[in-house]
Q: 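Shown below is the structure under consideration.
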Amino acid sequence: MFKFKASGFITTLVLALSAAGAAAAVEQAQATATRREPQFENENVKVWKSIIMPNQPLTLHRHEFGRTIVTLKGGTLDIVDASGKTTKKVVWETGKAYWLDKDPAGQQHGDINRGTQPIEVIVVEMRK
């Protein structure tokens, strides 16, 4: 004969709901963070979507190859050096595409969106 144990069922239910809540919190945090989302990569190009949230800079990095930026949601981006000093400002208009050359040798930069709305771009970086 089957005996239903309510306390075991409730414990299992509470654990399942807690895990689901934690997963939802992680997903929400990721959705509101500056990030790169890989799209496509082969021997010729690397493509990703960058979402740059207000006042959440991309970490220092460099680009060894030229790249095309296709702006999905525009804005003004500060390009900063390792000390955080703005070295350049770029204005990307929604729906426009831009070419950026490879970075100078040994130079890294970060990107900061000082606006109030996210900036979203597709980056198509050449591999050759």
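Model, not experiment: these values are computed from the prediction.
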Q: Dump the intermediate steps for side-chain contact (heavy atoms from CB on, under 4.5 Å) on T86 and R114, then the final yes or no.
A: CA-CA 11 Å; T86 298; R114 298 195 197 275; 3.7 Å; yes
Q: Between Y98 and E93, does the side-chain contact (heavy atoms from CB on, under 4.5 Å) criterion hold? Intermediate values first, please.
A: CA-CA 10 Å; Y98 303 90; E93 294 181 47; 3.6 Å; yes
Q: Just verifying a value: how many Å separate I69 CD1 and I119 CD1, rounded to the nearest 0.5 Å?
A: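 Atom-to-atom, I69:CD1 and I119:CD1 are 11.0 Å apart.
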Q: Would a distance-only check, ignoring hydrogens and angles, find a side-chain to backbone donor-acceptor pair under 3.5 Å from H61 to H109?
A: yes
Q: Do you know which two heavy atoms are closest between T68 and A97, and how far apart they sit?
A: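 Distance-wise, the nearest heavy atoms are CG2-CB, 4.4 Å.
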Q: Are H63 and K102 close enough, and set up right, to give a side-chain contact (heavy atoms from CB on, under 4.5 Å), and what steps lead you there?
A: CA-CA 5 Å; H63 298 276; K102 70 179 184 176; 5.5 Å; no
Q: Please report the interatomic distance NZ(K73) to CD1(I52), rounded to the nearest 0.5 Å.
A: 12.5 Å
Q: How long is the gap from CZ on F65 to CD on E125, to the nearest 0.5 Å?
A: 7.5 Å
Q: Kindly indicate, with the supporting measurements, whether the criterion salt bridge (Lys or Arg N to Asp or Glu O under 4.0 Å) is fulfilled by R127 and E43.
A: CA-CA 7 Å; R127 287 286 178 93; E43 67 278 356; over 6 Å; no
Q: Quick check on the hydrophobic clustering: are I51 and V123 connected, directly or via other members, by side-chain heavy-atom contacts under 4.5 Å?
A: no
Q: What pair of heavy atoms forms the shortest contact from P54 to P118, and how long is it?
A: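 Looking at all heavy atoms of both residues, the shortest contact is CD-N, 4.0 Å.
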Q: Which heavy atom of M53 sits nearest to which heavy atom of A33, and what is that distance?
A: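 Reported closest heavy-atom pair: CG-C, 3.6 Å.
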Q: Once you round to the nearest 0.5 Å, how far does CD of Q56 lie from OG1 of T34?
A: 4.5 Å
Q: Kindly work out whether a path of hydrophobic side-chain contacts (I/L/V/M/F/W/Y, heavy atoms less than 4.5 Å apart) joins V70 to F40.
A: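 Shared cluster, yes.
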Q: Check whether T94 reaches the backbone of G74 with its side chain - one donor and one acceptor, N or O, closer than 3.5 Å.
A: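 A pair under 3.5 Å: yes.
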Q: To the nearest 0.5 Å, what is the distance between CD1 (I122) and CZ (R67)?
A: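 If we round to the nearest 0.5 Å, I122:CD1 and R67:CZ are 14.5 Å apart.
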Q: Identify the two heavy atoms, one from Q108 and one from L60, that lie closest to each other, and give their separation to 0.1 Å.
A: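 Smallest interatomic distance, heavy atoms only, reads OE1-CB, 4.0 Å.
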Q: What I'd like to find out is whether the side chain of L72 reaches to under 4.5 Å of the side chain of K49, using heavy atoms alone.
A: yes
Q: Do you reckon L100 sits in the same ILVMFWY cluster as V90, going by side-chain contacts under 4.5 Å, direct or chained?
A: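 Yes: a chain of side-chain contacts under 4.5 Å links L100 to V90.
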Q: K128 versus N44: any side-chain heavy-atom pair under 4.5 Å?
A: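 In contact.
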Q: Between D81 and T87, is there a side-chain donor-acceptor contact under 3.5 Å, judged purely by atom types and distance?
A: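 Short answer, no.
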Q: Could you go through the side-chain contact (heavy atoms from CB on, under 4.5 Å) check for M126 and V45 one step at a time?
A: CA-CA 5 Å; M126 307 309 294; V45 297; 4.1 Å; yes
Q: Looking at every non-hydrogen atom in both residues, tell me the closest pair between P57 and I112 and how far apart they are.
A: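 Smallest heavy-atom distance, with atoms named: CB-CG1, 3.4 Å.
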